Amino acid sequence: MSAKILDGAALAARLRGQYRLRAEALAARGRRPGLAVIIVGDNPASRVYVRNKVRACEEAGFASRLIELPAATTQADLLGRLDELNADPAVHGILTQLPLPAHIDANRVIEAIAPAKDVDGFHVASAGALMTGLPGFAPCTPAGVMEILKDAGIDPAGLHAVVIGRSNIVGKPMAMLLLQAGATVTICHSRTPDLGAITRQADILVAAVGRVKLVTATMVKPGACVIDVGMNRDAAGKLCGDVDFAAVREVAGSITPVPGGVGPMTIAMLLANTLKAAETP
Ligand code: NAD
């Protein structure tokens, strides 16, 4: 039997509609949610991501401020910009698009964003809050996965969740969120021997690696929920995830497609975090 397709694009559209109403209510009280996005240099992929974020903000009735800086911008200049945005009451969320040019220390930049405005959830204070269960911003991609599970009626409590990937922006926070939700969590990575032996135990399998067809049908337990975070190009240049979708959908109980799964939820969660920042007195 073919898996249920978890339509992240439709869910994101529904959520964005709700966020718009909340943004309008805030704006009526003189506090329109505002997101500042900084991009340094002219990486074409980054430009597309940033444009999509700004457009999503505008469509949801948020104020967006796009700050485009030349590749030669110094770290001191960038930190100065962040100080200004940290102090600006009209700006509730700040993000610096990664990657940054090599002469800028990305960690130093991330740590310069006020945690109260860290809507990407990359600041060490946000990571610590997530780890300890304190209030804070969770990174958008794993937060989007949790919303997909919720919408699908999949409660992680008591289930075995396997996350493939241990990055700070996806794999690790994903594991933390699943753990908080009561799952038993296993994290796999590039040094994990016999990946399939572990993934076959997963009730929820999250792939966040960046490798075409890493997850094959034989690696999936029948009926499992498979979440594909990967964003890759196949040999024909077509956007695809980490999961062999055509084969795995015949085994899994539910599965996210690429495109149209996790990707749209990432931007929706950026709006959710910005709204939360604006709603916090
Ligand atoms: P990353 O390169 O930082 O991390 C990849 C992880 O995969 C590492 O932890 C590594 O240990 C693990 N890995 C590599 N090869 C492996 C293997 N053969 N077996 C098991 N694990 C292996 O990447 P990232 O930033 O975490 O992103 C992962 C993927 O998710 C990428 O394709 C990226 O484009 C995508 N992504 C998508 C969204 C979205 O909105 N959909 C957002 C962020 C990242």
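Since we're looking at a predicted model, the values are computed, not measured. Atoms within each ligand, like the ligands themselves, are counted from 1 in listed order.
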- Item | Test: D151 and R14 ion pair at under 4.0 Å | yes
- In terms of residue, atom name and distance, what is the protein heavy atom nearest to atom 11 (O) of ligand 1? S190 N, 3.0 Å
- Message: I need the atoms of ligand 1 closer than 4.0 Å to a non-hydrogen atom of L214, numbered in the order shown.
- Response: 18 (N)
- Query: So which protein heavy atom does atom 33 (C) of ligand 1 come closest to, and at what separation?
  - Reply: M231 N, 4.2 Å
- ligand 1 contacted by V229 (non-hydrogen, < 4.0 Å): yes
- Query: Taking NZ, NE, NH1 and NH2 as the nitrogens, is one of them in R47 or E68 under 4.0 Å from a carboxylate oxygen of the other?
  - Reply: yes
- Query: Given T186, which of I164, L178, T192, V162 fulfils the side chain to side chain contact (heavy atoms under 4.5 Å, CB included) condition?
  - Reply: V162
- For atom 42 (C) of ligand 1, the closest protein heavy atom turns out to be T141 OG1, 3.2 Å
- Work out whether the distance between some heavy atom of G230 and some atom of ligand 1 is less than 4.0 Å. yes
- Protein heavy atom at shortest distance from atom 3 (O) of ligand 1: S167 CB, 3.4 Å
- Is any side-chain heavy atom of P99 closer than 4.5 Å to a side-chain heavy atom of N43? yes
- 4.0 Å heavy-atom contact, G263 with ligand 1: yes
- Message: Counting non-hydrogen protein atoms only, what is the nearest one to atom 18 (N) of ligand 1? Give residue, atom name and distance.
- Response: R211 NH1, 3.6 Å
- Task: For V170, take its heavy atoms, then give the atoms of ligand 1 lying under 4.0 Å from any of them.
- Result: 26 (O), 43 (C), 44 (C)
- Specify side chain, backbone, both or neither for R191, according to which of its non-hydrogen atoms lie closer than 4.0 Å to ligand 1. neither
- Establish, from distance only, whether the side-chain atoms of H123 and E111 form a donor-acceptor pair under 3.5 Å. yes
- Message: Count I, L, V, M, F, W, Y as connected when their side-chain heavy atoms are under 4.5 Å apart, and connections chain through other members. Are V163 and L214 then in the same cluster?
- Response: no
- Could you tell me whether D234 and K213 make a salt bridge, using a distance below 4.0 angstrom between a side-chain N and a carboxylate O? no
- Message: Need the ligand 1 atom indices (1-based, order shown) with element for anything under 4.0 Å from a heavy-atom of G165.
- Response: 6 (C), 7 (O), 9 (O)
- Item | Closest protein heavy atom to atom 20 (C) of ligand 1, given as residue, atom name and distance to 0.1 Å | H189 O, 3.2 Å
- Query: So do V40 and P70 actually touch side chain to side chain, heavy atoms under 4.5 Å?
  - Reply: no
- Closest candidate by heavy atom, reference atom 14 (C) of ligand 1, pool V209, I164, V262: V209
- Message: Under the criterion side-chain contact (heavy atoms from CB on, under 4.5 Å), I'd like the reasoning laid out for I148 against T256: C-alpha separation, chi angles, the key distance, then a yes or no.
- Response: CA-CA 9 Å; I148 290 175; T256 58; 4.1 Å; yes
- Query: Quick one: which ligand 1 atoms are inside 4.0 Å of a heavy atom on I169?
  - Reply: 25 (O)
- Message: S126 and side chain to side chain donor-acceptor pair (under 3.5 Å): which single residue from D118, N273, D120 fits?
- Response: D118
- Sub-4.0 Å atoms of ligand 1 with respect to non-hydrogen atoms of G210: 29 (C), 31 (C), 32 (O)
- Query: Got the closest protein heavy atom to atom 39 (C) of ligand 1, with its distance?
  - Reply: T266 OG1, 3.7 Å
- Message: Strictly distance-based, threshold 3.5 Å: is any side-chain N or O of Q180 a donor or acceptor partner for the main-chain N or O of L130?
- Response: yes
- Query: Does ligand 1 have an atom that lies less than 4.0 angstrom from a heavy atom of V258?
  - Reply: no
- Task: Note the single closest protein heavy atom to atom 8 (C) of ligand 1, along with its residue, its atom name and the distance in Å.
- Result: R166 N, 4.0 Å
- Query: Going by the order shown, which atoms of ligand 1 are within less than 4.0 Å of some heavy atom of N232?
  - Reply: 32 (O)
- Message: I'd like to know whether I267 forms a side-chain contact (heavy atoms from CB on, under 4.5 Å) with Y49, so could you lay out the CA-CA distance, the side-chain angles of the two residues, the decisive distance to 0.1 Å, and finally the verdict.
- Response: CA-CA 9 Å; I267 293 194; Y49 294 144; over 6 Å; no
